[in-house]
Structure formats: structure tokens, C-alpha cells
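Here the structure is laid out as C-alpha cells; the discussion comes afterwards.
Scope of the values below: all heavy atoms of this structure, side chains included, with no hydrogens, waters or symmetry mates. No experiment lies behind these values; they were computed from the predicted model shown.
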Amino acid sequence: MDTKTECPFCGGEMITLIEDGRQFCCMCGDCYAQGPTASTKAGAAEAWNERA
């Protein structure tokens, strides 16, 4: 997974990929904020990088 941006809430850089069955999302390891879900790892990373 390639995330380019830090957490928008706390500025943390420890972003991990979470898999829940068939869905993926990125999560900040510092404040536990989660990004949008996607059906692929790449899609989850892209959604995290492009979130508003």
C-alpha cells in the first residue's frame, strides 16, 4: 500500500491497511481514524490519498 498523505485529524504518519472480509480501508495508527472503504487495497489507498 502506498499512502502519500498523513492523517487529516492528528497528522500521524503510521497509516495501516485494514481488511474486513472483502472490503479494505486505511486507518491511522495514532488516532484510529479510518478512511473510506474500497474493494481493493489500491482503491483504499487511493481513497485515503484523495479524501476531502
Review point. Of all residues at least two apart in sequence or in a different chain, which pass the side-chain contact (heavy atoms from CB on, under 4.5 Å) check with P8?
Key: W48, R51
Study note, to complete from the structure: Sequence neighbours excluded, the answer for side-chain contact (heavy atoms from CB on, under 4.5 Å) partners of F9 is C7, C31, A33
Practice item. Can you measure from OG1 (T40) to CD (Q23) and round to the nearest 0.5 angstrom? Key: 9.5 Å
Revision key, fill the gap. Distance col, row C26:SG vs K41:NZ, nearest 0.5 angstrom, shows 11.5 Å
Check your understanding: Are there more than 12 heavy atoms of other residues, nucleotides or ligands under 6.0 Å from atom CD of E6?
Key -> yes
Exercise for review: Write down the atom of I15, the atom of T5, and the distance for their closest heavy-atom approach.
Suggested key: CG1-O, 4.2 Å
Revision key, fill the gap. Smallest heavy-atom separation, D30 atom then G12 atom, equals OD2-CA, 3.2 Å
Point to revise | Minimum heavy-atom distance between L17 and A44, given as atom pair plus value | key: CD1-CB, 3.9 Å
Exercise for review: Any chance you could pull the hydrophobic cluster mates of I18, using side-chain heavy atoms under 4.5 angstrom and chaining through other members?
Suggested key: M27, Y32
Check your understanding: Where do A47 and P36 come nearest, in terms of heavy atoms and distance?
Key -> CB-CG, 3.9 Å
